[in-house]
Amino acid sequence: MEALKCVLFFLTVANWCESANILYVVPFTSKSHYIMLKPIGLELARRGHNVTVITGHRDPNPPPNYRQVMVDEKEIWDVIGGRPNVFDMAQTSTEEFHYNILWKGGLAFMEVVLDSKEVKAFLAEDNKFDLVINEQFYQESLNVLAHKYNAPLALVTTFGNCMRHNILVRNPLQLSTVISEFLPLEDPTSFYGRLRNLYFTVYEYIYWRYWYMNEQERFVKKYIKGLPEPVPSLYDLQRNASLMLMNSHFSFDTPAAYLPNVVEIGGSHLIRSNTTLPADLQKVLDNAKNGAVYLNFGSNVRSAEMPEDKKNAIINVFRKLKHTVLWKWEDDHFKNKPDNLIIRKWMPQKEILAHPNVKVFISHGGLIGTQEATYNGVPLIGIPIYGDQFNNLLQAQSFGYAKILQYNDINEENLYKLLHEVLTNDSYAKNAKEMSRRFQDRPMSPLDTAMYWIEYVIRNNGAHYWKNPALELSWIAAYMIDVYLFIFGVTLLFLYVVAKVVSIVLSAFSGKKTKKQKTKRS
Ligand SMILES: *[C@@H]1O[C@H](CO)[C@@H](O)[C@H](O)[C@H]1NC(C)=O
Ligand SMILES: *[C@@H]1O[C@H](CO)[C@@H](O)[C@H](O)[C@H]1NC(C)=O
Ligand SMILES: *[C@@H]1O[C@H](CO)[C@@H](O)[C@H](O)[C@H]1NC(C)=O
Ligand SMILES: *[C@@H]1O[C@H](CO)[C@@H](O)[C@H](O)[C@H]1NC(C)=O
């Protein structure tokens with residue numbers, strides 16, 4: 001009995017975390033990011049922490065210990081000079097995508113955040129925080145808030161492993177398998193794939209580190225006043241992060257070696273789902289006796305902007321199906337709508353994918369949607385448009401529950417063939433179910449995992465001891481360059497000495513010979 005009490009006491013102490021003040025910095029307004037990030041903030045509040053969130057999405061019914069500091073309402077597209085037709089991005093190179101959208105867009109958006117009225121007022125207040133959590137996605141200036149409040153820094157990512165996530169915390173980067181998240185490679189581990197990945201990684205690193213990060217530093221000087229001196233560089237602040245929560249899971253993403261402070265929480269937004277379908281859609285799906293096909297190109301891609309020929313091809317294919325079709329369609333008009341097609345401006349995706357009658361999800365392959373399909377065991381037909389979409393779909397295709405249809409290849413024949421294949425060959429549904437099982441087979445739910453390690457960092461004042469000790473070394477020492485150079489030098493010296501000795505011996509030997517020969521002749 002005493003022993004049991006002891007164990008119980010130990011368990012409570014080990015999990016104990018006093019209510020803390022947490023600054024949760026997730027200003028990026030893209031809906032898909034916020035879908036993943038919001039449950040973390042709310043769950044921290046539910047656990048009794050005081051959470052201050054810097055956000056672009058106001059929660060209408062926040063708990064009392066959840067304070068919202070609003071970023072000026074601007075879509076990322078407004079900031080970079082208008083919303084492009086996202087379908088045009090299907091033709092953009094990864095380099096162009098980084099320069100024009102991610103870097104320039106990230107910087108422009110950062111300035112909107114720092115210049116927001118509420119954010120400025122908040123930064124001028126006298127606050128204390130026990131932890132700063134920042135999204136790791138082109139908003140590096142805000143890492144300086146950890147320094148401002150003298151609090152440990154945790155990072156949370158909305159996508160999985162990549163070059164920056166590795167070098168940040170000096171996690172060993174295995175370039176042969178860790179492909180840049182936005183680089184579409186048909187065969188990533190082939191010689192060409194690895195060469196392209198190395199080239200892109202170096203390109204990205206140089207631009208990111210020596211141009212982009214300097215711009216972020218400029219914003220810190222311009223907008224964040226009264227920081228305690230000396231102010232560390234943003235690069236050093238990032239590297240000193242106590243925790244990185246990554247939106248990935250080895251069952252779906254490439255398995256990799258991670259430091260203890262790099263934790264996979266992929267699917268954290270999925271587990272404690274408690275909403276139900278709206279009554280009308282529930283009825284539609286319950287009545288879909290031949291099954292249902294669901295099409296949604298995500299929050300940034302607007303189906304209505306699709307070129308006519310491609311749109312008509314899709315509509316004609318749907319007309320041929322016995323299935324009920326749901327399509328997220330943002331316009332009021334829809335010419336020649338087939339009878340089996342239901343359109344809505346917004347679709348409760350998680351709940352739709354959870355319905356047993358949904359047989360296939362036609363998706364652009366965004367990570368959140370792909371995770372939702374994986375979690376619910378729904379096969380995919382993927383039409384990647386930009387960003388990480390191709391790589392997410394390639395991964396799903398390699399597990400046998402997805403088929404990729406390249407945007408340029410959309411026509412009636414190709415789409416019908418793929419749909420028919422996925423709907424009639426049950427290997428896709430079987431593989432999807434198996435993936436769903438693997439994705440959920442974990443010791444703790446991903447949201448609880450995130451909570452555990454966030455509270456761990458708070459409990460242990462930043463847990464400096466669990467960071468990679470190589471962070472204290474120069475990069476030359478960390479990558480053993482000095483030792484390799486030394487061994488290389490010693491080897492060269494040794495070979496030189498050997499060569500010298502051999503040549504002396506040889507010449508001495510041949511010298512004797514010639515002398516002998518000479519004496520013989522004379
Ligand atoms: C959380 O906020 C409440 C109300 O402002 C305050 O009373 C409490 O002390 C705060 N908790 C911590 C850990 O600072
Ligand atoms: C889920 O919803 C039901 C009612 O619809 C409620 O009773 C229950 O507490 C909710 N569970 C969670 C975890 O929010
Ligand atoms: C179903 O698809 C799998 C994977 O592509 C293939 O191996 C199998 O032969 C197909 N089955 C039928 C009946 O076509
Ligand atoms: C690094 O983080 C620790 C807390 O984990 C903190 O004590 C230290 O001051 C930080 N160092 C720098 C250079 O930011």
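All ligand and atom numbering here is 1-based and tracks the order in the structure. The basis for the numbers below is simple: all heavy atoms, side chains too, and nothing from hydrogens, waters or symmetry mates.
- Taking distance alone, with nitrogen or oxygen atoms compared against 3.5 Å, N461 stays at or beyond that limit from ligand 4.
- Under a 4.0 angstrom heavy-atom cut-off, S242 registers as being in contact with ligand 4.
- Note: Y207 and Y212 fail the aromatic proximity criterion, with ring centroids not under 6.0 Å apart.
- Applying the 4.0 Å criterion to heavy atoms of K467 picks out, from ligand 4, the atoms 1 (C), 2 (O), 3 (C), 4 (C), 5 (O).
- Cation-pi geometry between R459 and Y452 is met: the NZ or CZ atom falls under 6.0 Å from the ring centre, inside 45° of the normal.
- Close approach of ligand 1 to N50 is summarised as follows: ligand atoms under 4.0 Å from at least one heavy atom of the residue are 1 (C), 2 (O), 3 (C), 8 (C), 10 (C), 11 (N), 12 (C), 14 (O).
- For the pair H147 and ligand 4, no heavy-atom separation below 4.0 Å is found.
- Between the side chains of E413 and N411, no donor-acceptor pair of N or O atoms lies under 3.5 Å.
- There is a protein heavy atom less than 4.0 angstrom from atom 11 (N) of ligand 4.
- Between R67 and V51 there is no side-chain heavy-atom pair separated by less than 4.5 Å.
- In terms of modelled atom types and a separation under 3.5 Å, the side chain of H269 and the main chain of I35 share no donor-acceptor contact.
- Residue-ligand proximity, G462 to ligand 4, at heavy-atom distances under 4.0 Å covers atoms 5 (O).
- Using a distance-only test at 3.5 Å, with no hydrogens or angles considered, no donor-acceptor pair links the side chain of Q389 to the main chain of I383.
- Using a 3.5 Å distance cut-off with no hydrogens or angles, the side chains of N134 and N143 do pair a donor with an acceptor.
- With respect to atom 13 (C) of ligand 1, the closest heavy atom belonging to the protein is S19 O, 3.1 Å.
- Within the 4.0 angstrom cut-off, atom 5 (O) of ligand 4 has one or more protein heavy-atom neighbours.
- Annotation for ligand 4: atoms under 4.0 Å from non-hydrogen atoms of H464 are 1 (C), 2 (O), 3 (C), 5 (O).
- Here the two rings, on F361 and Y294, have centers that are under 6.0 Å apart.
- Considering D426, N425, V422, N431 only, the shortest heavy-atom separation from atom 14 (O) of ligand 3 involves N425.
- In terms of protein heavy atoms, atom 2 (O) of ligand 4 is closest to N240 ND2, 2.4 Å.
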